Engineer: 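Take this structure first; my questions come after.
Worth saying up front: this structure is predicted, and the values here are computed from it rather than measured. Computed from heavy atoms alone, side chains included, the values below leave out hydrogens, waters and symmetry copies. If you read the sequence from its start, that first residue is 1, and numbering goes on from there.
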Amino acid sequence: VYEAQVLSITVVNEKLLPGFVTGDFELLPHCVQSNHFLFFNLSLRTATIWKTLSPFWGEEYTVHLPPYFRTVSFYVLDEDSLSRDDVIGKVSITKEVLTAKPQGVDGWMNLTEIDPDEEVQGEIHLQISVLGDGDIPRKLCCQVLEARDLAKKDRNGASDPFVRVRYNGKTYESTVVKKSCYPRWNESFEFELDETLADTGLLSVEVWDWDLVSRNDFLGKVTVQNRHFLESLEIWFRGFPHVLKGTLGSLRLQLRLRDEVVLPSSHYKPLTELLSQSVGSQLNGNWPDFIMLIDETTTAESRQEVANNLVKLFLGQGLVKEFLDVLFKLELEKTTEPNTLFRSNSLASKSMESFLKVAGMQYLHRLLGPIINRIFEEKKYVELDPSKVELKEAGCAGLHRQQTESDIIQQSSSLLQSYLSELLTSILQSASYCPLLICQVFHQLYLRVQECFPDPEYRKVKFIAVTSFLCLRFISPAIMSPKLFHLREKHADARTSRTLLLLAKAVQTIGNMDTLACCSKEPWMVCLQSAIQQGITQLKDFITKLVNCHEPEDLELQTRMSLQCGTMEKEGFLFLHRTKDKCMPMTSPFKKYYVTLSKDTLSYSRTQHSKKSLFISLPKIRAVEKVEEKCFGSANVMQIISSEDSGQMGCEKGYLMSVNELNHWLSALRKACSHNTNTMSCYHPGIYKADRWSCCHQKEKSDPGCDKTRHGVTLQEWYDPLDPDLEAQLIYQHLCSVQHDCFDLTDQKKVDGLSKLFSILQDLHDAHAAVEEEERSKNKNLFLELQT
């Protein structure tokens, strides 16, 4: 049994940002999700939206959180090239707010000003006891042991923390620990216990950053009431931000927290078997088909999520092709007009979208990567619509010769035809490396539509059915928004975005296989008509080849690109710093390596195609964590701590160029090592240098660590290993929510057929109730929150 907390985040747009940047400077807002609570030290950065006070992002993230997270915060910043980014404001949302709205939070939220005294993070470790007995006056003893993950208040990337303890009118201060966010004090302070203040007496422990010249910076505060002093108490206290007032514009967010208790696999086996039987046999009319019931009872709001869960579950069972085939048949049974086939947001359409994103993302990157990179690098001005042509943007054709509108349109047409020709050539060649499973799914779709519409007048429908998914729902959206499909790190600027949009329109027209309809709606597209007509012919040839890739002679071409469910693969260039026994030699710089994460090993070489020279076995990795910014002057450094055959500890430190790169590698490595047994519970975020750890100043190399590891904090990616139990749990929750609708859709004669489903749902409900009862019966440690 484990608890899964999955937070889905969509950063939509913002309005009415304050225009405090004037003169020749532009306001360049971007959004950063950060943390102000323990254990969740994952920061996500959106792309910068240039030259606007009302930016639109439309970016989505799915984050796996530990069950004890408390708050998620969103910062909006003004990007500066020469100085530090300016913080415009933030939005903070507590776990309680997200939990209270299981359907999700969607709306505009006011940005609030940031007060340095409110930005509290970290924990402090205290031991509180009462000394004395009998006639001797009792004393309150507060031992301040250590703190971890405190806020960085100084320019050197650390703080100089000290503790101020107050009780019953008396105040004591600890020594100052220089340049550390993980200080250890081990100091004790004694006060005379006031027995008359049982409910109102407070022990106050404040943490401050000492400054020589300016005033001290507040780091956090905890208060403990007298009634908690009856027994000795030793505990870590957490820090939380305050709810701030005021507004600095609004940020629109869509958030949904899924807090699920996932049971052992054996509990989900009956439900999984019932689903498998539903797609493995034909509709026999004895009782409503299970998939049909899900289709009929799923609302538009939940359809995409249900489709994602079902696709991943059937991928894990090896039955995704059969599942999609059932949906194709259900959709065809309801369709009378072929022109509207698969154009609605039905469960079939949403499931096929999810399937292509899970199974075809690697294929998509290989297909579109070169042409997208070419468009971004060339940054040509392309415009076909005469009403939108801007002569200033196009520049001069020659010395002192301004281009005319017809010149620009003619050049734009030539450029677009060049891009389209390159793309269509790539699509034709991609039949040889398209994943075999995708080919098989398109093959059965092609045959189903051909059987349903056999008349000669509908001979194009079987091709349009394939292109409605491949072109309209997969390739075209990726061309229009390459960042959302991980094809580029940043959003396109206005000029490049317009080029991508025009290219996507051409691809959509080819996918619709109707040049006349497009030219009638947008007459300025007529200059591409011959290229589009040629593209339709090429696309038909490609589809014919694609749907026949299941033949035995083509299998060898498929092996290198076939979908392997449950594997984890990631590769790319990293700057590595290799160390032994957790030491940090000053003479070893970062060196550039091409790193490959496979199923069992992490390997790296000097170039992409050279022989792998160094390997780390994944089962030997004990932790994958961040490194403090002050160690190397960058916040984008991670460390991979592993055990070696000699018994020593090895540590590879990897430097990445952006925070998103860092997060992707942290997530990929943590998920690849999720089943390791010899993991560390704590680690050092600093380096061992000059005979001490830079983070906590401890002198022993073998010191276990001053901060907790964060194995469970990960981003959800398209290449993630499948988790059948989690998907089954999410499907169970959906079925529970529509159980009454399922009953209403069935006739009285067919109720017996659903008894098995209702029995399975009841068994799972009872199992969850038993787990909750067991949790309530366990003794829980006293947990007190920091108040700032």
Side-chain angles (χ1 to χ4, degrees), residues 41 121-125 144-163 173-187 207-213 216-217 219 574-593 614 616 621-644 646-656 662 680-710:
N41 68 337
Q121 69 179 59
E123 284 185 319
I124 185 168
H125 189 186
V144 181
L145 302 175
E146 58 187 318
R148 59 191 178 199
D149 196 27
L150 296 177
K152 305 173 181 63
K153 295 293 185 178
D154 298 334
R155 291 186 177 182
N156 59 16
S159 293
D160 304 320
F162 69 95
V163 176
E173 289 186 358
S174 72
T175 56
V176 177
V177 179
K178 294 293 187 69
K179 299 179 181 179
S180 176
C181 293
Y182 300 84
R184 293 187 180 181
W185 293 283
N186 289 322
E187 298 184 27
V207 185
W208 293 81
D209 169 47
W210 178 82
D211 287 318
L212 178 63
V213 179
N216 297 333
D217 298 312
L219 294 178
L574 273 75
F575 292 89
L576 292 180
H577 191 313
R578 302 198 70 216
T579 62
K580 298 287 185 181
D581 197 25
K582 292 187 179 180
C583 63
M584 178 56 59
M586 294 296 294
T587 58
S588 177
F590 282 96
K591 295 181 180 179
K592 190 175 183 179
Y593 288 91
L614 299 167
I616 300 176
I621 293 179
R622 302 189 63 191
V624 183
E625 300 294 337
K626 286 185 179 181
V627 178
E628 274 192 307
E629 181 177 359
K630 68 176 183 179
C631 298
F632 298 103
S634 172
N636 303 330
V637 181
M638 68 176 180
Q639 56 180 320
I640 305 169
I641 306 171
S642 60
S643 57
E644 300 185 348
S646 60
Q648 291 185 326
M649 298 292 292
C651 184
E652 324 293 321
K653 291 182 169 60
Y655 167 68
L656 297 106
L662 174 66
M680 300 170 61
S681 59
C682 53
Y683 78 107
H684 285 285
I687 57 176
Y688 192 79
K689 178 181 174 182
D691 296 328
R692 68 175 186 175
W693 288 102
S694 63
C695 46
C696 59
H697 301 172
Q698 297 303 300
K699 295 184 178 181
E700 292 293 330
K701 287 184 182 179
S702 58
D703 188 86
C706 55
D707 197 9
K708 281 195 172 184
T709 52
R710 300 163 175 87

Engineer: Output the distance between atom CZ (Arg622) and atom OG (Ser681), rounded to the nearest 0.5 Å.
Structural biologist: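 Output value for this atom pair is 9.0 Å.
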
Engineer: Begin from the C-alpha positions of Leu145 and Ile124 and carry the test side chain to side chain contact (heavy atoms under 4.5 Å, CB included) through to its verdict.
Structural biologist: CA-CA 8 Å; Leu145 302 175; Ile124 185 168; over 6 Å; no

Engineer: Who pairs with Glu146 by side chain to side chain contact (heavy atoms under 4.5 Å, CB included), at least two apart in sequence or on another chain?
Structural biologist: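 Checked Glu146 against side chain to side chain contact (heavy atoms under 4.5 Å, CB included); matches are His125, Arg184, Trp236.
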
Engineer: Residues two or more places apart in sequence or in another chain: which of them pass side chain to side chain contact (heavy atoms under 4.5 Å, CB included) with Ser634?
Structural biologist: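 Partners of Ser634 under the side chain to side chain contact (heavy atoms under 4.5 Å, CB included) test: Asn636, Val637, Tyr655.
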
Engineer: Within the 4.5 Å heavy-atom criterion, are Glu173 and Val163 side-chain neighbours or not?
Structural biologist: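 A side-chain contact under 4.5 Å is absent here.
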
Engineer: Do side-chain atoms of Trp185 reach the backbone of Thr175 as a donor and acceptor pair under 3.5 angstrom?
Structural biologist: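 Present.
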
Engineer: Within the 4.5 Å heavy-atom criterion, are Pro161 and Val207 side-chain neighbours or not?
Structural biologist: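 The answer is yes; the side chains approach within 4.5 Å.
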
Engineer: Evaluate the side chain to side chain contact (heavy atoms under 4.5 Å, CB included) criterion for residues Trp210 and Asn216: first the C-alpha distance (whole Å), next the side-chain angles of each, then the deciding distance (0.1 Å), finally the verdict.
Structural biologist: CA-CA 5 Å; Trp210 178 82; Asn216 297 333; 4.0 Å; yes

Engineer: What closest approach, in Å, do Val627 and Met638 show between heavy atoms, and which atom pair accounts for it?
Structural biologist: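 Heavy atoms of Val627 and Met638 come nearest at CG2-C, 3.9 Å.
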
Engineer: Rounded to the nearest 0.5 Å, what's the gap from CG on Asp209 to CG on Asp154? Could you check?
Structural biologist: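 Taking CG in Asp209 and CG in Asp154, the distance rounds to 4.5 Å.
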
Engineer: Kindly assign one of parallel, tilted or perpendicular to the pair Trp693 and Tyr688, based on the angle between their ring planes and the thresholds 30° and 60°.
Structural biologist: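 Rings of Trp693 and Tyr688: perpendicular, as their planes differ by over 60°.
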
Engineer: To the nearest 0.5 Å, what is the distance between CG (Leu574) and OH (Tyr593)?
Structural biologist: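 It comes to 12.0 Å.
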
Engineer: Out of curiosity, Asp149 CG to Glu123 CD, how far, rounded to the nearest 0.5 Å?
Structural biologist: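 If I round to the nearest 0.5 Å, the distance is 8.5 Å.
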
Engineer: Which heavy atom of Cys706 sits nearest to which heavy atom of His684, and what is that distance?
Structural biologist: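 Looks like SG-ND1, 3.8 Å.
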
Engineer: As an exercise, state the distance from OG of Ser180 to CZ of Arg148, rounded to the nearest 0.5 Å.
Structural biologist: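 Reported value, rounded in 0.5 Å steps: 13.5 Å.
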
Engineer: Determine, stepwise, if the pair Glu625 / Arg710 fulfils side chain to side chain contact (heavy atoms under 4.5 Å, CB included).
Structural biologist: CA-CA 7 Å; Glu625 300 294 337; Arg710 300 163 175 87; 4.0 Å; yes

Engineer: Quick check: closest heavy atoms across Lys626 and Gln639, and the distance to 0.1 Å?
Structural biologist: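 Distance-wise, the nearest heavy atoms are O-NE2, 3.4 Å.
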
Engineer: Taking the six-membered ring for Trp, is the centroid-to-centroid distance between Phe632 and Phe590 below 6.0 Å?
Structural biologist: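 Yes.
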
Engineer: Can you give me the closest heavy-atom contact between Gly686 and Glu628, atom names plus distance?
Structural biologist: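 Shortest heavy-atom contact: CA-OE1, 4.1 Å.
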
Engineer: Does the Ser642 side chain pair with the main chain of Ile621, one donor and one acceptor, at a distance under 3.5 Å?
Structural biologist: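 Between the backbone of Ile621 and the side chain of Ser642 there is no qualifying donor-acceptor contact (under 3.5 Å).
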
Engineer: Applying the side-chain contact (heavy atoms from CB on, under 4.5 Å) test to Asp707, which of Cys696, Cys695, Pro685 qualifies?
Structural biologist: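 Single pass found, and it is Pro685.
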
Engineer: Is there a donor-acceptor pair closer than 3.5 Å between any side-chain N or O of Asp211 and the backbone N or O of Val213?
Structural biologist: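 Not confirmed, Asp211 side chain does not pair with Val213 backbone.
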
Engineer: With side chain to side chain contact (heavy atoms under 4.5 Å, CB included) as the criterion, how do Asp160 and Val177 come out once you've worked through the C-alpha distance, each side chain's angles and the decisive distance to 0.1 Å?
Structural biologist: CA-CA 5 Å; Asp160 304 320; Val177 179; over 6 Å; no

Engineer: Would you check if the side chain of His697 reaches a backbone N or O of Lys179 as a donor-acceptor pair within less than 3.5 Å?
Structural biologist: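 Yes: the side chain of His697 pairs with the backbone of Lys179.
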
Engineer: Hey, could you give me the OG/CD1 distance between Ser694 and Ile687, rounded to the nearest 0.5 Å?
Structural biologist: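 Separation between the atoms: 5.0 Å.
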
Engineer: Under the salt bridge (charged side-chain N to carboxylate O under 4.0 Å, His left out) test, which residues partner Glu187, sequence neighbours left out?
Structural biologist: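 Salt bridge (charged side-chain N to carboxylate O under 4.0 Å, His left out) check on Glu187 returns nothing, list empty.
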
Engineer: Examine distances only and state if a side-chain atom of Ser159 and a backbone atom of Cys181 form a donor-acceptor pair shorter than 3.5 Å.
Structural biologist: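 Absent.
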
